[in-house]
Structure formats: C-alpha cells, structure tokens
Protein chains: 2
Amino acid sequence: MEEYKKRILLVEDDPNFGTVLKDYLMMNDYEVTHAKNGMEGFEKFKKDDFDLCILDVMMPYKDGFTLAKEIREKNTDVPIVFLTAKTMKEDVLKGYKVGADDYLNKPFDSEVLLMKIKAIIQRKATETISDSKQFEFKIGRFDLNSKLRFLKFDGGEPVKLSPKENELLRLLALHENDLMPRELALTKIWRDDNYFTSRSMDVYIAKLRKYLKLDEKVEILNIHGEGFRLVINN
Amino acid sequence: MEEYKKRILLVEDDPNFGTVLKDYLMMNDYEVTHAKNGMEGFEKFKKDDFDLCILDVMMPYKDGFTLAKEIREKNTDVPIVFLTAKTMKEDVLKGYKVGADDYLNKPFDSEVLLMKIKAIIQRKATETISDSKQFEFKIGRFDLNSKLRFLKFDGGEPVKLSPKENELLRLLALHENDLMPRELALTKIWRDDNYFTSRSMDVYIAKLRKYLKLDEKVEILNIHGEGFRLVINN
DNA sequence: CATTTTTGTTAATGTAAGGTTAAAAGGCTG
DNA sequence: CAGCCTTTTAACCTTACATTAACAAAAATG
C-alpha cells in the first residue's frame, strides 16, 4: 500500500549502536540516513526530506535538543523522537519543550521501537490527511477558524486575525489547558528563539488577551519562565 | 536485539512455589528478585527499578493489596500482577482498585504466564510520556501538578508555585514518607551544595510549609544534618 | 550547661520575565 | 508611492523569583 519507503534520519554518535540500529531499521524496510553528530545531522536534514528524525540526546558538540531546535526552525512538522538514557527523566521535560513526539529509552526493546516508529509516522500521516480538526477550535464561547483566520464570538461577526495572531492562538488551542512552552511557539512560529522574538510574542499574547476578554471564562495564563496556558474555566 | 533483561520483582511467601516460578522466569530470560514477604518486597522495590511486579495476594503480615498500594504510592507506572489462589471475585475487584494490570490464577499455565508478562511489559513500554503521571502527585488533600506548577487544595483554587518551590516539593513527594537528603536537593535543584544554596533551600522549605499548613496531616519534618521528610499522617 | 552548628522564619534586595501601549519599520496592493 | 496592514522594537511599568541578611530557636557537642 505504501509505494515508497519511509525515510528516517538517525543521528547517533555511538558508532556501534548507531550502525546496529541503522541496519535493524533498514531490515524493516526503512530508508535510513545515519549522521554521526549534531552538525552532520543538521547538514543531512537540510539536504533531504525525512519522515522521522531519531536524535540521540547526548552527543558531543551539539546535543539532541539543540539539533531539534534547529530542525524545528526549518520544519515545524517532521516528527522527532529522542533517544535518552533510561534514568534521565529531566530529559523528558526538556524534549517536550522543543516539540518532541516521543522518546525512547536506551537501551530499548527493538519491537517497541518499531511499533513506536510506525505509530508516529502513521499518526502524522492521518493528521495531515484528516482536515478540519487541525484548524477549527472551540475556545469557550469562541470559534477559531485558523484556516480562514477568523475568530467568532457566540456565532456573531467574525474578527479577522493576523497570521501571527492566528498561529499563536492555534498553538495555544492545540495545547488547551496545558502548557504551551514558549520555546515551542518561538521555534514553530517565529523560527528563532531570542530576546526580540520573545518580546514580540508577548505583544501578541497581549493582543490575544484583548480579543478573548469577551468570554471571562477564557484566559491565557503565564507560567513564569516556561510558557503560556490557554485555560477554559467551567 | 534485546539489550537488557527485563526486571521482575516477585513477592511470594510459599518458598517452593516461589523458587520454581523464579527459576522458570529466569530460564525465560528475565531478571528476577524474589522477596519472601510484603515487608521485604517493599524494601527491595524501593532499592531497585523494576519492569514488573508479581505479588501474591495471600501473605502473612502484609498482603499483596497492601503492598501494591505502597508500591503505587512510590511509583504510579510500574505494572502490577497479582497471584490469587483461585478466581475470587472480591480479590479481582480489590486489585483493580489499587491499579492491578492483570491476574494470574494459581496454579496456572506457564505459557500463559509468559505471554501475559510479555504483553504487559510491552504495553507499558509503548505508552508515551505525554501521559501526565510523571508530573502529578497527590499529597494528602493536595494535588501537585509539577508540570503546570500549581498546588491545589481539595480541588479548589490552584496556587502557583515558583520553579524552585515546585521542584523542591516534587522531590519531597518523590521521597514521600522517606528521607530526602539535603545534598540530593541541592545537587539536583541548585546544582551546587554550599552554605548559601543550603540556606536558600531552608527558605523554600519554610515557604512550602506555609502552603501545606492547610492540611494538618501533611508536614515537612527536618532530620537534623540529613535532610527533610514529607510525611502524610493517616 | 555553655557554645557551636544547624535550622526556622521574615524581610529586604536585585534581577529577570512578563504586561501593555505606542512608535517605528516592513510589506503589500492599488 | 500612498495607504493599509502586519510585525518588530522601544519604553515604561509591574510582577515574579531567588538570594542574602538578620535574628530566633532547636539540636548537637564536648
């Protein structure tokens, strides 16, 4: 049913583990590009079009998170999976901030690996095919249509949103009631995470708050140093 | 390509049956720790990191359910399987209340046992991290959400926690009823262990105590020269 | 039992992050 | 290139946080 092999970018500095993993994936019908470090990984990423990136967290020179951020600046969609040592639970949070899709504990069960890979690629595929849900959100008494970029209150007159307003509100809605990490918005929407883009984002948060004031049950909360949270109180 | 053996904690008071089961599991490539009673089981559980717990229901001093509850308080994730003498419906119900993953009737088919074990470990491994549990703690009448950094009392209005407050309370909760060594908090949270970070930590302990005063059953005790202990009195 | 060490607690301070508004800079289109 | 929309930058203000100081109390020490 699949006409072409799915392409995986594997960035892993341990040559033994990397090679074994690559071979194993290839045996299971994936096309694998193996980069030995973050730098090389980024180069290869730019040159090609991948269905999935598997990044080792701990690598010399450029760690997996830094690489992930760079990848996200280029491509907001490609699934990213981290390889972490089993005991590093803090890694999980950090990965989540840069938009990780999943993580794998090293050493791991090869069967689990395959299942996860399949599930992630599959999920991504169905996401992109299935239409509306990605672009239409109910936010309290508001309706956001982020394809047409408007926001309606109580089914009344739609307010037009600018591209940035729209993307930001959409990202908040995707994380409704949950943390939307600052870093994630900056890498996904602004494609750069620095002081100015960060301040710019704050300006947009203020704008969105103004729109959302109409429904006092809806608010954007800040989590100091972490990000924002779109909450709908019942 | 299994890189490491799955670890099983087996708590079974019948020495004959326990030994046979242990040997059988080890023959099938599991690493098995065998405890002869609930008390010992809990001690061994705290000391190690297991992929599965198999608990006999009927044991002297501490039965399997009580043990399971204690294990759940420490770890919300580890799969637990009960061994019951025969199909006792009350047992089954009771077991699910404390988060049992499956049941095995004694005596049982060894093939079935292996299949179930495999399936359970597999299922657990496939679950993704996004499943909150890593960040949510129940502390007496409080709920700590350490991802969103708030503390709720009796499901009321959440109080925001600062990053340090949050990490410290989380670390205490991870060691609930147990010593959380000063040194551990300092190296993990402050990343430096000196006079000033130590005093800073004391300030945060005072802050946490203030929050926790609402539930008189919850307190942070000091163990002079050692660290702190978050106790929940019943 | 006096003295030192450790902990409890509150308040003050300095810095960083965020909230908000307005002005400047970019971009696009008629 | 004028006018409009969007985005960024600047400015100013407020809040949040972590640290340090200061003093009190408790615990250990010899």
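Residue numbers begin at 1 in each chain, while the letters A, B, ... track the order of the sequences.
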Is it true that [X] and [Y] make a salt bridge, defined as a side-chain N closer than 4.0 Å to a carboxylate O?
X	Y	answer
Lys138(A)	Asp143(A)	yes
Arg182(A)	Asp193(A)	no
Asp14(A)	Lys36(A)	no
Glu165(B)	Arg149(B)	no

Side-chain donor-acceptor pair present, Glu216(B), Asn233(B), cut-off under 3.5 Å: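 Per modelled atom types, Glu216(B) and Asn233(B) side chains form no pair under 3.5 Å.
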Assess, by modelled atom type and distance only, whether the side chains of Asn194(A) and Asp192(A) contain a donor and an acceptor separated by less than 3.5 Å.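 There is such a pair between these side chains.
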Residues from residues 212-223 of chain B lying under 4.0 Å of DNA chain C - heavy atoms: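 Only Asn222(B) qualify.
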Using heavy atoms and a sub-4.0 Å distance, could you list which residues of residues 188-204 of chain A are near DNA chain C? By number, please.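 Going residue by residue through residues 188-204 of chain A, the ones with a heavy atom under 4.0 Å of DNA chain C turn out to be Arg199(A), Asp202(A), Val203(A).
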Find the distance [X]:[atom1] to [N]:[atom2] and express it as a whole number of Å.
X	N	atom1	atom2	result
Leu186(A)	dT7(D)	CG	C1'	14 Å
Ile205(B)	dA18(D)	CD1	P	14 Å
Tyr211(A)	dT20(C)	OH	C1'	15 Å
Glu226(B)	dA28(D)	CD	P	11 Å
Lys207(B)	dT7(C)	NZ	P	19 Å
Arg182(B)	dT7(C)	CZ	C1'	7 Å
Asn166(A)	dC5(D)	CG	P	17 Å
Lys160(B)	dA17(C)	NZ	P	16 Å

Using the ring of each side chain (for Trp, its six-membered ring), is Phe153(A) parallel, tilted or perpendicular to Phe142(A), with breaks at 30° and 60°?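 Ring orientation, 0 to 90° scale: tilted.
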Taking the side chain as every heavy atom from C-beta outward, state whether Ile54(B) and Ile8(B) have any pair of such atoms under 4.5 Å apart.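 Heavy-atom side-chain distance check passes, below 4.5 Å.
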Indicate whether OP1 or OP2 belonging to dC17(D) is found under 4.0 Å from a side-chain N or O atom of Arg149(B).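 Answer is yes, contact under 4.0 Å.
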Flag this pair as yes if the NZ/CZ of Lys147(A) is under 6.0 angstrom from the six-membered ring centre of Phe135(A) and inside a 45 degree cone about the axis; otherwise no.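 Relative to the ring axis of Phe135(A), which defines the angle, Lys147(A) lies inside both limits.
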Can you figure out which of dG8(C), dT10(C), dT21(C) approaches the side chain of Lys210(B) most closely?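 Shortest atom-to-atom distance from the side chain points to dT10(C).
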